Amino acid sequence: MTTANIILQVDNVDIYYGDFQAIRNVSFQVPERSIISIIGSNGAGKSTLLKAIAGLLKPYSGKIIFKGKDITGLMANKIVAEGISLVPEGRRIFPRMTVYENLIIGSYTPKARRKNKELLNKVFELFPVLKEKSQQIASNLSGGQQQMLAIGRALMSDPELIIFDEISLGLAPLIVKEIYQKISEINREGTTVVLVEQDVRRSLKASEFSYVMRGGEIVLTGKSSALEEEDVKVAYFGL
Ligand code: ATP
């Protein structure tokens, strides 16, 4: 990796909840247009790290650099405007609003709002079911469709980097497969992807580079194709 094509750089980040240190000296890099994965079990610190990148939590120390700019501690809406979008764990869609309304809410930055028709068409091309159901109330969608809606909403801010937090949770394997195919399509179109997963096999298969977390630290890193599932599991569980 040369530094020239690094889109996101996390440098020595520490995060606390009160006295409890949830993230300990975490550093990693994301090359432009790549798919990287962050793997770890419950409580490893994955969501905490993502929240710091997305501006929902402020690190105690360390730096987060996006496209060469220090974005550490910026507000979440400013970070979306810089080009980072998060698909949160549990989807967090607005259940009583229509599919269309949920999507339009995603393009709230001035840049995205100006091109929201184009963005909406792209989302509908990627997920035709959202077009079909655009006037339906979001809570009427199936779990898989709701996940597609959460991804669509994130794409409506026209991100250069999109972060997926445990998108396979609670979904049937066939749906998960379909969603992963869509992620790879999103990446082929030029968007950099950070995947956060508990599923070791799927993460290794879907990404070019992996970081394994345990107890708030990165305990193993490597090219996904070169990492053995067993070694990842040992690092993951700390056996
Ligand atoms: P999960 O898959 O369960 O989301 P995770 O890897 O994303 O796990 P985090 O949610 O980041 O893990 O949690 C990391 C650690 O921080 C855990 O020990 C958790 O109990 C703790 N933690 C998370 N949120 C808070 C909070 N708001 N206050 C205090 N401790 C927290």
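This structure is a prediction, so every number in the text was calculated from the model and none was measured. Numbers here simply count residues along the sequence, with the first being 1.
Residues Ile15 and Pro59 come closest through the heavy atom pair CG1-CA, 4.0 Å. The minimum heavy-atom distance linking Gly144 with Ile179 is given by the pair O-CD1, 4.1 Å. Scanning both residues, Arg96 and Ile137, for their nearest heavy atoms gives O-CD1, 3.5 Å. When all heavy atoms of Phe66 and Gly83 are compared, the closest pair comes out as CZ-O, 3.8 Å. Heavy-atom minimum distance, Ala138 versus Asn102: CB-ND2, 3.5 Å.
No side-chain heavy atom of Val212 sits less than 4.5 Å from a side-chain heavy atom of Ile218. Asp165 has its side chain within reach of Ser47: a pair of non-hydrogen atoms, C-beta onward, lies under 4.5 Å apart. Within the 4.5 Å cutoff, no side-chain heavy atoms of Lys63 are placed close to those of Asn12. A 4.5 Å side-chain heavy-atom check between Ile104 and Asn116 finds at least one atom pair inside the cut-off. Side-chain atoms of Phe94 and Arg153, non-hydrogen and from C-beta on, do get closer than 4.5 Å to each other. By the 4.5 Å heavy-atom criterion applied to side chains, Phe164 and Ile151 are counted as neighbours. Contact of the Phe28 side chain with the Leu49 side chain is registered, since non-hydrogen atoms from C-beta on lie closer than 4.5 Å.
Leu155 and Leu103 fall within the same hydrophobic cluster, defined by Ile, Leu, Val, Met, Phe, Trp and Tyr side-chain heavy atoms under 4.5 Å apart, directly or through other members. Taken together through direct or relayed side-chain contacts under 4.5 Å among Ile, Leu, Val, Met, Phe, Trp and Tyr, Leu141 and Val129 form part of one hydrophobic cluster. Grouping the Ile, Leu, Val, Met, Phe, Trp and Tyr side chains by contacts below 4.5 angstrom, directly or via other members, places Val13 with Val196. Val193 and Ile84 are members of different hydrophobic clusters when ILVMFWY side chains are connected at heavy-atom separations under 4.5 Å. No single ILVMFWY cluster, assembled from side-chain heavy atoms under 4.5 Å apart, contains both Leu169 and Ile175.
Heavy-atom contacts from other residues, nucleotides or ligands closer than 6.0 Å to CZ of Arg113 number more than 12. More than 12 non-hydrogen atoms from other residues, nucleotides or ligands lie less than 6.0 angstrom from OH of Tyr108.
Comment: Arg24 does not engage Asp14 in a salt bridge, judged by the lack of any side-chain N to carboxylate O separation of less than 4.0 angstrom. Classification of Glu160 and Lys67 as a salt-bridged pair holds, one side-chain N sitting under 4.0 Å from a carboxylate O.
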**Q.** Verdict with supporting geometry, Ile38 and Glu197, side-chain contact (heavy atoms from CB on, under 4.5 Å)
**A.** CA-CA 6 Å; Ile38 299 174; Glu197 268 290 354; over 6 Å; no
Q. Can you check side-chain contact (heavy atoms from CB on, under 4.5 Å) on Val87 and Ile167, steps first, answer last?
A. CA-CA 8 Å; Val87 181; Ile167 44 163; 4.2 Å; yes
**Q.** Steps toward salt bridge (Lys or Arg N to Asp or Glu O under 4.0 Å) verdict (Glu82, Lys69)
**A.** CA-CA 9 Å; Glu82 292 292 335; Lys69 177 174 174 179; 2.6 Å; yes
Q) Hey, mind stepping through Asp158 and Ser107 against side chain to side chain donor-acceptor pair (under 3.5 Å) and telling me if it holds? A) CA-CA 8 Å; Asp158 200 18; Ser107 59; over 6 Å; no
Q: Apply the test side chain to side chain donor-acceptor pair (under 3.5 Å) to residues Ser210 and Ser224: give CA-CA distance (whole Å), side-chain angles for both, the deciding distance (0.1 Å), then the verdict.
A: CA-CA 5 Å; Ser210 291; Ser224 303; 2.9 Å; yes
Q: Kindly determine whether Gln29 and Leu8 satisfy side-chain contact (heavy atoms from CB on, under 4.5 Å), including the steps that lead there.
A: CA-CA 6 Å; Gln29 298 187 322; Leu8 178 73; over 6 Å; no
Q: Show your reasoning for whether side-chain contact (heavy atoms from CB on, under 4.5 Å) applies to Ile162 and Thr192.
A: CA-CA 6 Å; Ile162 183 161; Thr192 307; over 6 Å; no
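Between Tyr211 and Phe209, the ring-plane angle classifies as tilted under the 30° and 60° cut-offs.
Side chain to side chain, Ser37 and Ser207 meet the donor-acceptor criterion of an N or O pair below 3.5 Å.
Put simply, the side chain of Glu208 gets close to the backbone of Ile35: a donor and an acceptor are under 3.5 Å apart. Although no hydrogens or angles enter the test, the distance criterion places a donor-acceptor pair under 3.5 Å between the side chain of Gln145 and the main chain of Ser142. Between the side chain of Arg214 and the main chain of Ala235, a donor-acceptor pair closer than 3.5 Å is present.
To the nearest 0.5 Å, atoms OG (Ser27) and CG (Asp11) are separated by 5.5 Å. Distance check: Tyr100 OH to Leu130 CG gives 13.5 Å after rounding to the nearest 0.5 Å. A distance of 11.5 Å separates CG in Leu119 from CZ in Arg114, rounded to the nearest 0.5 Å. Once rounded to the nearest 0.5 Å, the distance linking CG of Leu86 with CD1 of Ile163 reads 5.5 Å. We find the CG-CG distance between Asp199 and Leu204 to be 9.0 Å, quoted to the nearest 0.5 Å. Here Lys115 contributes atom NZ and Leu120 contributes atom CG; the two are 13.0 Å apart, rounded to the nearest 0.5 Å.
When each of Thr48, Leu50, Ile23 is paired with Leu57, the side-chain contact (heavy atoms from CB on, under 4.5 Å) condition holds for Thr48 and for no other. Tested against Lys133, the residues Gln135, Lys131, Gln136 include a single side-chain contact (heavy atoms from CB on, under 4.5 Å) partner, Gln136.
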For residues 71-80, dump all side-chain donor-acceptor pairs below 3.5 Å to protein atoms at least two apart in sequence or in another chain.
unit_1	atom_1	unit_2	atom_2	d
Thr72	OG1	Ile64	N	2.9
Thr72	OG1	Asp70	OD1	2.4

Contacts under 3.5 angstrom, residues 182-189 side chains, donor-acceptor by atom type, not counting sequence neighbours:
unit_1	atom_1	unit_2	atom_2	d
Lys182	NZ	Leu126	O	2.8
Ser184	OG	Arg188	NH1	3.0
Asn187	ND2	Arg33	O	3.2
Asn187	ND2	Ser34	O	3.4
Asn187	ND2	Thr191	O	3.0

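Both tests hold for Arg202 against Tyr180: distance to the six-membered ring centre under 6.0 Å, angle to the ring axis within 45°.
With sequence neighbours excluded, the residues forming a side-chain hydrogen bond (donor to acceptor under 3.5 Å, both in side chains) with Glu166 are Lys46, Gln198, listed by chain and number.
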